[in-house]
K.L.:
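Have a look at this one.
Being a predicted model, the structure only gives us computed values, none of them experimental. Just so you know, residue 1 is the first one in the sequence shown, and it goes up from there.
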Amino acid sequence: MAFPESFLQELKMRNDITETVSSYVSLKRRGRNMVGLCPFHGEKTPSFNVYTENGSFYCFGCGVGGDVITFIMKIENLDYVDAVKLLAQRAGMEVPENSYDDSMNKLRSRIFEANREAARFYYSTLLSPKGASGLEYLHNRQLSDRTIRHFGLGFADDDWTSLCTHLRGKGFKDSEITAANLGVKRRNGNGIYDRFTNRVMFPIIDLRGNVIAFGGRIMTDEKPKYLNTSDTPVFKKSANLFSLNNAKNSGNRTLILCEGYMDVISVCQAGFTNAVATLGTALTVEQAVLMKRYADEVIICYDADEAGQKATARAIPILRNAGLLIRVLTVPRGKDPDEFIKSNGKDGPAAFRALIDKSANDVEYRLNKLKQQYNTETTDGKIAYLEEAAKVISGISSPLERDVYISKISNETGVEKSSFNQQFKNIFKRSNREAAKKQMNKIQADLSGRSDKINSDHYKKPRSSSAEEALVVFLINNPDLAPEISDGVKPEQFQNSLMKRYYEYMLGRIERGLDPLNNVTADFTNDEASKLYQLLSQSIPAASTKEAMREYINVINEESKKLTAENAASLSDAEIQAYLDEIRKNKQ
């Protein structure tokens, strides 16, 4: 069962969506709405809209929309029930017991408990005779016992069943152990075994202090070197960062982005507690947006090898698009941060601080990389460098910043500023044309519905779908006209399956005297709810008149009577002839 309607109405009333969103996003008024930079994807121009009147939000950039519950689910990475509980706690409300299906919530709780117990088990194993090799490995990596304890590092022995046996003894079911990805089902279906064996273990902790996953590092040259928890109901590796729970309390708005767990721990042990790392994957947009919530600047501190340089080049535009300032720390002599700090002994922290202080911003870093590629003492090398440099500068949005770099490069190379500026303008115009073309193609695809996987029927039958979409929005905005609308068109006349579901759902709620939107977040998937709020956000006043309503109904009726190839086969000759006669009659 869902939460009681009266409870949800009061919950949303006490958690005003504008006030709630404002605690996470800087909003400005634009007409009747509030707008801001979307917290769910990187952007520089605000496309995130909050509609105070109907308690909803929608981002025209990434297509995410919903009510205040949806927002909390997304921003706090919670499921529906936990989001409701959080909002109720903020409002000082009691959550009605036994009024909802909390099976998923219970499973999530059990996974959190299993992970916490696993972390304790791994830590105790590390300090036991079974973990001697793991502890020796960590000590050889010059980690202190204090650091080991602070990060809760542990060890998974090579028994293959130690953790599963321990968790069973603590009352966990095999299904809960495998749901947490701490255990794996045997191929013959006979029992489970430990996912992690003979590895040093790194607990991954979320911003609330929950152990949500693990990374395991093997101590030999076997592959894979690192093994990470797969995605579970409490963990999504592309949306989390290692040690962000520590870094957010570091006291500054700068994050040091490292390549791996050991780099973060070594940097932290050296006194830089604002270090984080991705979780076995390349940097994602989700992670960049998450960093933006806690930082204004990110210092990329990847390994100096070729793979690290490629990862740096890939990360720069992702972080820039998230609105973050970027610096790139270059570790000398091909070392990674962990190795560099250790190689400098007691002076390691000071040496690392010096690297941070002289780290270049992302534009300077890329220009320096180009200088290393081309010999600017030769004519051909200078031309090649200037052409590539112009491409780098064309990606800068600020005219002032572009002009500074154009002047600097002109002075460095001895090339007239006007000449280099013309080269830049040519590239800038070309890139703008390409961007405009991509944008136009996207707009055309969006308008046609070709790229809409949630509402795929729109592309197949655009005329009927457009009328059905408009009628659903009209019904939500004018529930008092539900009887007239229901008399005019029946659900079975809808040819768009998603609109039919919306229509039946809204009519049913209105007939029962309920707010049509009150429980959308619970009764539809996130994508389906977002699509509905997109339709609501795109409605215009002229489409909300009774004349418009009647036109929608007429179009739906007309389209529903059209003969299709699918149903023509089931009609008799007489029925087909009657259909043709009706068409001729309407044309007269």
Side-chain angles (χ1 to χ4, degrees), residues 1-18 31-34 49-58 65-71 84 455 457-458 463-525 528-561:
M1 292 179 63
F3 289 102
E5 292 285 336
S6 57
F7 167 76
L8 288 177
Q9 285 180 333
E10 184 179 358
L11 181 80
K12 293 178 183 179
M13 182 181 69
R14 291 201 193 183
N15 290 277
D16 176 78
I17 191 165
T18 303
R32 298 162 65 181
N33 308 328
M34 305 294 289
N49 287 255
V50 176
Y51 304 95
T52 304
E53 291 182 1
N54 66 5
S56 69
F57 74 91
Y58 183 74
D67 57 14
V68 69
I69 300 174
T70 315
F71 180 82
V84 168
N455 187 21
D457 288 345
H458 182 105
R463 185 168 185 259
S464 59
S465 287
S466 295
E468 291 165 13
E469 291 164 6
L471 188 63
V472 166
V473 171
F474 184 91
L475 174 63
I476 293 171
N477 291 330
N478 301 273
D480 55 310
L481 293 176
E484 185 176 345
I485 296 172
S486 180
D487 288 341
V489 62
K490 304 301 178 189
E492 54 268 23
Q493 293 177 268
F494 275 57
Q495 298 186 56
N496 184 305
S497 58
L498 180 59
M499 296 309 121
K500 179 182 177 182
R501 285 177 55 210
Y502 288 155
Y503 185 63
E504 289 177 314
Y505 177 83
M506 299 304 167
L507 278 179
R509 289 185 63 82
I510 293 169
E511 287 171 1
R512 298 197 304 275
L514 304 175
D515 181 336
L517 292 176
N518 200 37
N519 215 32
V520 165
T521 302
D523 294 337
F524 289 90
T525 68
E528 290 168 346
S530 289
K531 171 55 64 175
L532 181 60
Y533 282 104
Q534 177 192 19
L535 297 176
L536 287 167
S537 67
Q538 292 175 337
S539 63
I540 56 176
S544 296
T545 64
K546 291 192 71 173
E547 290 75 18
M549 176 197 78
R550 296 189 184 99
E551 179 61 26
Y552 305 147
I553 292 174
N554 289 338
V555 171
I556 295 170
N557 284 325
E558 287 175 11
E559 292 294 311
S560 68
K561 291 177 182 178

K.L.:
Donor-acceptor check, side chain of Ser560 to backbone of Ile556, threshold 3.5 angstrom: yes or no?
P.N.:
yes

K.L.:
Give me the atom names and distance for the closest heavy-atom approach of Ala529 to Val520.
P.N.:
CB-CG1, 3.9 Å

K.L.:
Of all the heavy-atom pairs spanning Met499 and Val472, show the shortest one and how long it is.
P.N.:
O-CG2, 3.9 Å

K.L.:
Tell me if a side-chain donor or acceptor on Glu468 pairs with a main-chain N or O of Gln495 at a distance below 3.5 Å.
P.N.:
yes

K.L.:
So, taking the atom named CZ in Arg509 and the one named CG in Leu517, what distance separates them when rounded to the nearest 0.5 Å?
P.N.:
8.5 Å

K.L.:
Is the Tyr503 ring parallel, tilted or perpendicular to the Phe494 ring (thresholds 30°, 60°)?
P.N.:
parallel

K.L.:
Considering all heavy atoms of both residues, which atom of Tyr51 and which atom of Ser537 are nearest to each other, and what is their separation?
P.N.:
OH-CB, 3.2 Å

K.L.:
Hey, is the main chain of Ser497 close enough, under 3.5 Å, to the side chain of Arg501 for a donor-acceptor pair?
P.N.:
no

K.L.:
Just so I know, are the side chains of Asn518 and Gln9 near enough to count as touching, which here means a heavy-atom distance under 4.5 Å?
P.N.:
yes

K.L.:
Output the distance between atom CZ (Phe57) and atom CG (Asn33), rounded to the nearest 0.5 Å.
P.N.:
14.0 Å

K.L.:
Check Asn496 against Glu469 and note the closest heavy-atom contact, atom names and distance.
P.N.:
ND2-OE2, 4.5 Å

K.L.:
Output all residues satisfying side chain to side chain contact (heavy atoms under 4.5 Å, CB included) with Glu558, sequence neighbours left out; order by chain, then residue number.
P.N.:
Arg463

K.L.:
Would you say Val489 and Tyr552 make side-chain contact, with heavy atoms under 4.5 Å?
P.N.:
no

K.L.:
Donor-acceptor check, side chain of Asp67 to backbone of Gly55, threshold 3.5 angstrom: yes or no?
P.N.:
no

K.L.:
List for me each residue that meets side chain to side chain contact (heavy atoms under 4.5 Å, CB included) alongside Arg32, sequence neighbours excluded, and say none if there are none.
P.N.:
Glu53

K.L.:
Going by heavy atoms in the side chains, are Ile485 and Leu471 under 4.5 Å from each other?
P.N.:
yes

K.L.:
Can you see whether Lys490 engages Gln493 through a side-chain donor-acceptor pair at a distance of less than 3.5 angstrom?
P.N.:
no

K.L.:
To the nearest 0.5 Å, tell me how far Tyr502 OH sits from Leu535 CG.
P.N.:
6.5 Å

K.L.:
So how far is it from Tyr505 OH to Leu532 CG, rounded to the nearest 0.5 Å?
P.N.:
9.5 Å

K.L.:
About how many Å separate CD1 of Ile69 and OG1 of Thr521, when rounded to the nearest 0.5 Å?
P.N.:
5.5 Å

K.L.:
Please give me the minimum heavy-atom distance between Pro479 and Ile510, naming the atom from each residue.
P.N.:
O-CG2, 3.6 Å

K.L.:
Measure from the side-chain N and O atoms of Glu5 to the backbone N and O of Leu514, and report whether any donor-acceptor pair falls under 3.5 Å.
P.N.:
no

K.L.:
Would Leu11 and Phe3 count as a side-chain contact (heavy atoms from CB on, under 4.5 Å) if you check the C-alpha gap in whole Å, the side-chain angles of each, and the deciding distance to 0.1 Å?
P.N.:
CA-CA 11 Å; Leu11 181 80; Phe3 289 102; over 6 Å; no

K.L.:
Of all the heavy-atom pairs spanning Val68 and Ile17, show the shortest one and how long it is.
P.N.:
N-CD1, 3.8 Å

K.L.:
For Thr525, give me all partners under side chain to side chain contact (heavy atoms under 4.5 Å, CB included), at least two apart in sequence or on another chain.
P.N.:
Asp527, Glu528

K.L.:
For the OG1 atom of Thr545 and the CZ atom of Arg550, what is their distance to the nearest 0.5 Å?
P.N.:
8.5 Å

K.L.:
Before accepting this row, confirm whether a basic side-chain N of the pair Glu484/Lys546 lies closer than 4.0 Å to the acidic partner's carboxylate O.
P.N.:
yes

